[in-house]
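When reading the values below, keep in mind they use all heavy atoms of this one structure, side chains included, and skip hydrogens, waters and symmetry mates.
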Amino acid sequence: MKYDITHIKQLLDDFYRGETTPAQERELSAYFAETPAVPEELESDRRLFLSLSEAAIPEGLEESLIKMIDRQSVRPKMSPLRRWAKMVAAVAVVGLGVGTIVRTLHHEVAPIAPTDDTQYYCHLTGSDLSQEQIEKQTIAAVELLARTLQKGEEMSGNGYN
């Protein structure tokens with residue numbers, strides 16, 4: 001049988017996009033099986049189709065895949081309480097991380113005998129900050145994180161899974 005190389009290339013494009021029918025895939029398999037000398041740019045495609053034609057599908061594979069998909073689709077939805085608990089845990093972990101970083105920075109630059117008007121150098125902003133300013137910025141950062149997590153949950157439509 002004589003094959004049109006342009007048609008074969010179009011079928012290959014459709015195949016790699018997942019848009020071919022079983023009949024078109026059989027046509028591609030037949031082309032590569034019956035044509036010993038294919039153009040060089042189609043050589044890797046030829047090897048692929050020849051190896052696919054040699055591969056045997058194990059008995060019962062389709063049924064076991066269908067059962068596995070059915071088990072996955074029956075997974076129960078997460079309760080709102082559990083989603084909320086996950087969100088609180090995430091905020092707590094981030095808060096602890098931010099607190100640890102602030103505490104570490106505080107201990108690195110804290111004077112021996114701090115007073116209420118003691119200034120601390122902030123490496124991030126390159127300015128001096130009071131203890132009160134540091135606490136306010138930490139609270140603002142945690143609140144921003146909480147708002148961002150809330151916005152993400154609202155955008156996802158079903159919360160964290």
Side-chain angles (χ1 to χ4, degrees), residues 1-108 121-127 137-161:
M1 173 184 251
K2 181 76 174 157
Y3 292 96
D4 176 27
I5 195 68
T6 307
H7 174 68
I8 294 298
K9 286 181 179 180
Q10 180 60 49
L11 283 178
L12 283 170
D13 287 342
D14 293 345
F15 174 78
Y16 288 121
R17 281 194 311 272
E19 299 172 354
T20 52
T21 64
Q24 291 170 323
E25 291 173 18
R26 283 191 298 275
E27 183 179 351
L28 283 170
S29 293
Y31 166 75
F32 288 116
E34 297 170 6
T35 310
V38 297
E40 189 174 325
E41 73 256 21
L42 300 181
E43 184 58 34
S44 62
D45 300 308
R46 183 183 73 80
R47 286 193 308 267
L48 171 71
F49 275 89
L50 290 178
S51 65
L52 287 175
S53 67
E54 295 170 1
I57 298 174
E59 186 71 31
L61 176 65
E62 184 176 356
E63 291 82 18
S64 85
L65 287 174
I66 289 172
K67 287 178 185 176
M68 186 171 59
I69 291 169
D70 288 342
R71 280 193 308 266
Q72 290 295 322
S73 64
V74 194
R75 236 174 66 192
K77 296 255 183 201
M78 188 177 296
S79 71
L81 179 63
R82 187 163 179 175
R83 280 195 306 264
W84 182 82
K86 278 184 154 184
M87 191 170 43
V88 168
V91 169
V93 168
V94 171
L96 286 172
V98 169
T100 302
I101 291 170
V102 169
R103 186 171 181 213
T104 302
L105 291 175
H106 172 72
H107 284 298
E108 287 178 5
Y121 181 74
C122 176
H123 296 282
L124 298 175
T125 62
S127 61
Q137 287 185 2
T138 302
I139 291 169
V142 171
E143 288 173 348
L144 175 63
L145 175 67
R147 284 193 308 271
T148 304
L149 288 173
Q150 181 67 32
K151 188 179 291 185
E153 182 181 27
E154 291 169 2
M155 290 176 70
S156 71
N158 62 355
Y160 293 98
N161 287 324

Counting only heavy atoms from other residues, nucleotides and ligands, does the tally under 6.0 Å from CD of E41 exceed 12?
yes
Nearest heavy-atom contact between P39 and I5 is CG-CD1, 3.7 Å
Closest non-hydrogen atom pair between T35 and V38, with its separation:
O-CG1, 3.7 Å
In chain order, what residues pass the side-chain hydrogen bond (donor to acceptor under 3.5 Å, both in side chains) check against D13, with sequence neighbours excluded?
none
ring-ring contact (aromatic ring centres under 6.0 Å, His included) against Y31, all qualifying residues, sequence neighbours excluded
Y3
Going by the angle between their ring planes, with limits at 30° and 60°, are F49 and F15 parallel, tilted or perpendicular?
tilted
Non-hydrogen side-chain atoms of Q10 and T6 separated by less than 4.5 Å
no
When every non-hydrogen atom of L12 is compared with those of L42, the smallest separation belongs to CD1-CD2, 3.5 Å
Gap separating the CZ atom of R46 from the CG atom of L28, nearest 0.5 angstrom:
14.0 Å
Flag yes if more than 12 heavy atoms outside E19 fall under 6.0 Å of its CD atom; otherwise flag no.
yes
Answer yes or no: is there a donor N or O on one side and an acceptor on the other, between the side chain of T21 and the main chain of Q24, under 3.5 Å?
yes
The criterion is side-chain hydrogen bond (donor to acceptor under 3.5 Å, both in side chains); which residues satisfy it with K67, sequence neighbours excluded?
none
Return yes if some donor-acceptor pair links the side-chain N/O of S51 with the main-chain N/O of L48 below 3.5 Å, else return no.
yes
Run the numbers on Y16 and D45 for side chain to side chain contact (heavy atoms under 4.5 Å, CB included), then give the verdict.
CA-CA 10 Å; Y16 288 121; D45 300 308; 2.5 Å; yes
